[in-house]
Visitor: 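The structure follows.
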Amino acid sequence: MAFDLSHLNPEQRDAASHFEGPLLVLAGAGSGKTRVLTTRIAWLVEEMGVDPGSILALTFTNKAAGEMRDRVRKSLGREPTGMWIGTFHSIGVRILRRDAQRLGYSPGFSVYDADDADGLTKRIIRDTLQLDPKKWTPRSVHGAISSAKNELTGPDAYAERALDPFEKVVAQVYPLYQKALRDANAFDFDDLLVKPVQLFRDNPHVLRRYAGRFRFVLVDEYQDTNRAQYVFLRQMAEEHRNLFVVGDDDQSIYGWRGADIRNILDFEKDFPDARVVKLEQNYRSTQTILEAANRVIEQNVHRKGKTLRTDHVGGERITLVEAADEADESQWIAEEIRGRLADSPSLALRNFVVLYRTNSQSRSVEEALRRERMAYRVIGGTRFYERREVKDALAYLRLVANPAADEAFLRIVNVPRRGIGDTTVTRLAEHAAARGIPLLAAAEQAAAIDGIRGGAAKALPELAALIRKYAALASTGGMRLDVLLRELVMESGLVDALRAEGDEGKDRIENLEELVNGAAEVQRRLEEEDPELMMEMEAAGEDESARPLDVFLGHVALVADIDQHDPQADAVSMMTLHNAKGLEFPFVFIAGLEDGLFPLTRAYDEPADLEEERRLFYVGVTRAERKLYLTHAKRRRRGAQFMDSTPSPFLESVPQDLTEARRTARVLERSAYSQPWKSSGAYTTRRERLFGGSPSWKAPASTASRGGGGDDETYQVDYSDSQDLPSMRKGSRVRHPSFGAGTVMELTGHGSEVKAAIEFDNVGRKTVVLKYANLEPEWE
DNA sequence: TCAACTGCTCTTTTT
DNA sequence: GAGCAGTTGA
């Protein structure tokens with residue numbers, strides 16, 4: 001019986017049943033490219049009798065990899081045993097786990113995250129090179145190194161090309177940085193892409209092993225590949241040439257991290273025997289939405305050029321919303337969702353998504369949804385593993401897995417406090433550097449190091465002994481991973497220290513419990529021999545192999561969404577536009593369509609950047625199946641200051657006959673009476689009542705000439721951002737999250753920098769910056 | 001020498 | 001609010 005391809009249209013079928021040779025699928029948004037990818041995999045296995053173990057499928061996010069694996073499993077009706085499906089980074093880890101010894105690493109290596117990498121860069125700039133880390137910020141230096149690595153430019157080649165002073169500094173740091181990583185038995189994110197390429201280049205027989213095994217290579221979101229990824233693919237496919245890539249140049253939004261749009265534009269040049277299939281039929285959106293999307297992307301010059309078609313006709317108009325400020329905008333969105341739900345009982349919260357350019361925009365939307373008592377989940381933003389206590393616990397664990405991981409050691413050496421300060425650490429680092437040993441090893445000898453005395457001389461060997469003890473436990477495999485982690489956070493004193501922090505510490509302890517649950521999950525999957533995880537256990541080395549601990553840490557480093565594991569939950573989704581790629585929702589709100597925010601101001605410097613912002617907008621528009629809302633606010637707080645905003649120029653490219661314009665009640669009211677100080681809205685009104693009404697302080701006259709004028713400034717503080725900066729006056733009773741209840745004694749400053757001197761009932765007088773203090777009215 | 005405190009700066013997007 | 005540098009008191 002022939003494999004059934006009847007669920008595909010002719011172009012899709014053409015692509016999915018392509019057997020050998022390079023193929024580029026130029027797939028528009030919503031054209032079913034994921035379906036084509038998974039169908040091709042199933043077709044190869046079922047119809048052509050290809051061994052699943054010879055298929056390698058690469059994606060950019062873990063989410064996409066997980067979905068692809070699920071779909072393949074479903075369409076095969078069984079586990080695709082031996083097939084490798086994963087992100088470029090996770091595949092890199094797998095390869096390195098097996099073959100890192102050839103690069104001088106051991107399989108228990110660490111993966112340094114961005115913080116670790118910045119920290120290491122900083123130490124090199126400050127301590128080794130004795131340069132000023134303020135002048136040469138670790139972030140930008142590491143960014144330059146990262147870019148160089150992604151272009152496969154090594155330290156020597158970089159140094160030859162370094163011209164300006166900044167590049168000269170980078171050229172000094174770069175080789176030291178690479179050496180420090182190797183000494184720490186650690187890879188950074190970029191290494192996970194670059195090191196396999198080096199490995200293959202220097203060991204042709206290793207490449208032959210992989211290329212010989214994976215006869216079919218598939219890549220999703222090919223437009224996002226950078227130079228290193230491109231070379232990796234070329235290495236893998238050079239001989240068999242079965243490279244199947246799917247992408248959309250119009251959705252290239254990762255230029256800033258090295259994605260090279262030329263990889264897709266020049267695919268036919270690079271692979272002259274390549275076939276190209278275009279998928280221009282869109283199955284996702286209404287005609288209205290699609291027409292708008294086409295108009296938007298037409299404005300870009302650098303593109304292959306596709307025009308999406310749909311069989312859907314008509315569709316609801318796109319709603320453009322003008323709001324007074326971000327709180328008003330968020331409130332409007334929340335109420336619109338409520339209204340939609342009330343109109344159609346078949347709709348659920350999960351049918352709605354709010355998209356924005358920057359993570360910080362999520363806050364006001366969250367507040368509005370909370371107020372309306374609607375469930376929501378925020379994708380991205382402050383991730384679980386980025387939380388302080390989680391990073392601390394993981395640092396302990398990483399040190400246990402890899403005693404050479406100096407960044408982990410530095411993180412926890414005085415957490416919880418054990419009386420080890422900067423001076424002690426510096427002495428320790430000097431000792432370690434002189435002997436070429438890791439910090440942890442130096443800590444064992446602390447008592448013998450000049451200048452380390454007293455408490456530190458005792459605490460350091462104790463810490464080292466603790467780590468050694470758990471390292472031994474991890475190696476024998478006698479203790480379950482989750483049990484090990486639990487005991488480690490207890491015995492290290494981490495939990496006790498958090499307990500002493502009070503309410504906030506309680507939340508943090510809960511997060512640690514969550515982490516222990518994550519460890520238990522990995523342990524369980526390994527015990528059940530989950531094929532996906534088992535693959536990482538089979539390291540190539542004979543004497544050393546990966547342990548559950550290594551597998552867990554590898555996952556934590558690469559999998560961002562340990563804490564948002566519930567795709568079925570009925571909740572409104574919120575995420576950045578970058579995170580939205582590949583997803584679809586019936587109802588989509590794109591918030592913050594203001595000049596300077598979206599597109600960001602800095603994008604105006606480079607035409608290419610502006611085109612990338614426009615592609616980002618295009619990605620957002622094409623997420624919508626049924627209805628699209630584009631909202632903007634006339635005024636928004638950005639960082640420490642307020643900005644009057646004009647609508648995004650992107651809105652001009654959306655044809656008027658496809659849209660309807662709306663204004664929030666607050667905007668209407670204000671323009672009707674033109675009395676901006678008479679702000680309305682239930683929430684503000686409640687605040688006004690609570691705080692006794694009229695504003696009781698003014699911007700000092702001296703600031704009146706700044707920005708929009710003095711009146712404006714006062715108005716901003718008192719009303720328009722009342723949710724962030726409650727209106728108050730001398731004598732108001734307030735509650736501070738850590739200081740408790742108190743009475744406002746004095747108000748100084750202006751604009752967003754208003755400070756309040758507060759006499760707290762328990763802790764006395766403190767001065768707080770209103771913007772950050774998170775004060776609540778005290779209910780009495 | 002260290003912990004606690006003050007004051008200052010910072011906020012694009014992500015593996 | 002967080003991270004960091006600089007200061008102060010113990």
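Throughout, protein chains are lettered first and strands after them, A, B, ... in sequence-line order, and every chain is numbered starting at 1. Heavy-atom basis, side chains included; hydrogens, waters and symmetry copies ignored.
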Visitor: Could you tell me if the ring centre of H89(A) sits under 6.0 Å from that of F60(A)?
Guide: no
Visitor: Looking across every strand, which nucleic acid part, if any, lies under 4.0 Å from D113(A) by heavy atom: base, sugar-phosphate, or nothing?
Guide: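 Touches nothing.
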Visitor: Ring centres of H632(A) and F598(A) under 6.0 Å apart?
Guide: no
Visitor: Tell me: CG of D115(A) to P of dG3(C), nearest whole Å?
Guide: 8 Å
Visitor: So what does R417(A) hit on the nucleic acid, given a heavy-atom distance under 4.0 Å: a base, only sugar-phosphate, or nothing?
Guide: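 The residue R417(A) makes sugar-phosphate contact but no base contact.
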Visitor: Within the distance-only criterion (no hydrogens, no angle test), does the side chain of D191(A) pair as donor or acceptor with the backbone N or O of D188(A) below 3.5 angstrom?
Guide: yes
Visitor: Let me know the distance between CZ of R615(A) and C1' of dT13(B), rounded to the nearest Å.
Guide: 13 Å
Visitor: Atom NZ of K195(A) to atom C1' of dT15(B): distance rounded to whole Å?
Guide: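 My rounded result for the distance is 18 Å.
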Visitor: Using whole Å, report how far CG of D392(A) lies from P of dA2(C).
Guide: 13 Å
Visitor: With centres under 5.5 Å and planes under 30°, do W256(A) and dT13(B) count as stacked?
Guide: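 Yes, aromatic ring over the base.
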Visitor: Contact class for T423(A) vs. all strands (heavy atom < 4.0 Å): base, sugar-phosphate, or nothing?
Guide: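 Result for T423(A) = sugar-phosphate.
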Visitor: From the set dT12(B), dA2(C), dT14(B), return the single nucleotide nearest to any side-chain atom of R357(A).
Guide: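 Output: dT12(B).
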Visitor: Which one, dT15(B), dC2(B), dT13(B), comes nearest to the side chain of T424(A)?
Guide: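 Within the option list, the nearest is dC2(B).
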Visitor: Closest nucleotide of DNA chain B for I420(A) versus for A114(A): which of these residues is on the 5' side?
Guide: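 By nearest-heavy-atom nucleotide position, the 5'-most residue is I420(A).
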Visitor: Give a yes/no on whether any side-chain N or O of N359(A) is located under 4.0 angstrom from OP1 or OP2 of dT13(B).
Guide: yes
Visitor: Using side-chain heavy atoms (C-beta onward) and a distance below 4.5 Å, is D595(A) in contact with S645(A)?
Guide: no
Visitor: Check whether any side-chain N or O of T576(A) sits under 4.0 Å from OP1 or OP2 of dT14(B), and answer yes or no.
Guide: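 Yes, within the criterion.
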Visitor: So what does N579(A) touch, heavy atoms closer than 4.0 Å: a base, only the sugar-phosphate, or nothing?
Guide: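 Sugar-phosphate contact only.
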Visitor: For dT15(B), does OP1 or OP2 lie under 4.0 Å from any side-chain N or O of N150(A)?
Guide: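 Answer is no, no contact under 4.0 Å.
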Visitor: Within this structure, what is the CG-to-P distance between L616(A) and dT13(B), rounded to whole angstrom?
Guide: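 Interatomic distance, CG of L616(A) to P of dT13(B): 11 Å.
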Visitor: Quick one: label R427(A) by what it contacts on the DNA or RNA (base, sugar-phosphate, nothing), any heavy atom closer than 4.0 Å.
Guide: sugar-phosphate
Visitor: Within this structure, what is the CZ-to-P distance between F60(A) and dT15(B), rounded to whole angstrom?
Guide: 11 Å
Visitor: Considering every strand and a 4.0 Å limit on heavy-atom distances, what is the contact class for F88(A): base, sugar-phosphate, or nothing?
Guide: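 Counting heavy atoms under 4.0 Å across all strands, no contact is made by F88(A).
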Visitor: Would the F187(A) and Y105(A) ring centres measure less than 6.0 Å apart?
Guide: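 Judged by ring-centre distance (under 6.0 Å), F187(A) and Y105(A) do meet the cut-off.
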Visitor: Have a look at K581(A) and say if it touches a base, only the backbone sugar-phosphate, or nothing, with a 4.0 Å heavy-atom cut-off.
Guide: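 K581(A): no heavy atom of the nucleic acid under 4.0 Å.
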Visitor: Taking all heavy atoms of S110(A) and all of N402(A), pick out the closest pair and write down the distance.
Guide: OG-ND2, 2.8 Å
Visitor: So, is K134(A) near the phosphate of dC10(B), with a side-chain N or O under 4.0 Å from OP1 or OP2?
Guide: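 Indeed not, no polar side-chain atom of K134(A) lies that close.
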Visitor: Could you state the CZ-C1' distance from F189(A) to dT14(B), rounded to the nearest angstrom?
Guide: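 Going from F189(A) (CZ) to dT14(B) (C1'), I get 9 Å.
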Visitor: Please report the distance, rounded to the nearest Å, between NE2 in H578(A) and C1' in dT12(B).
Guide: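 Result: 8 Å.
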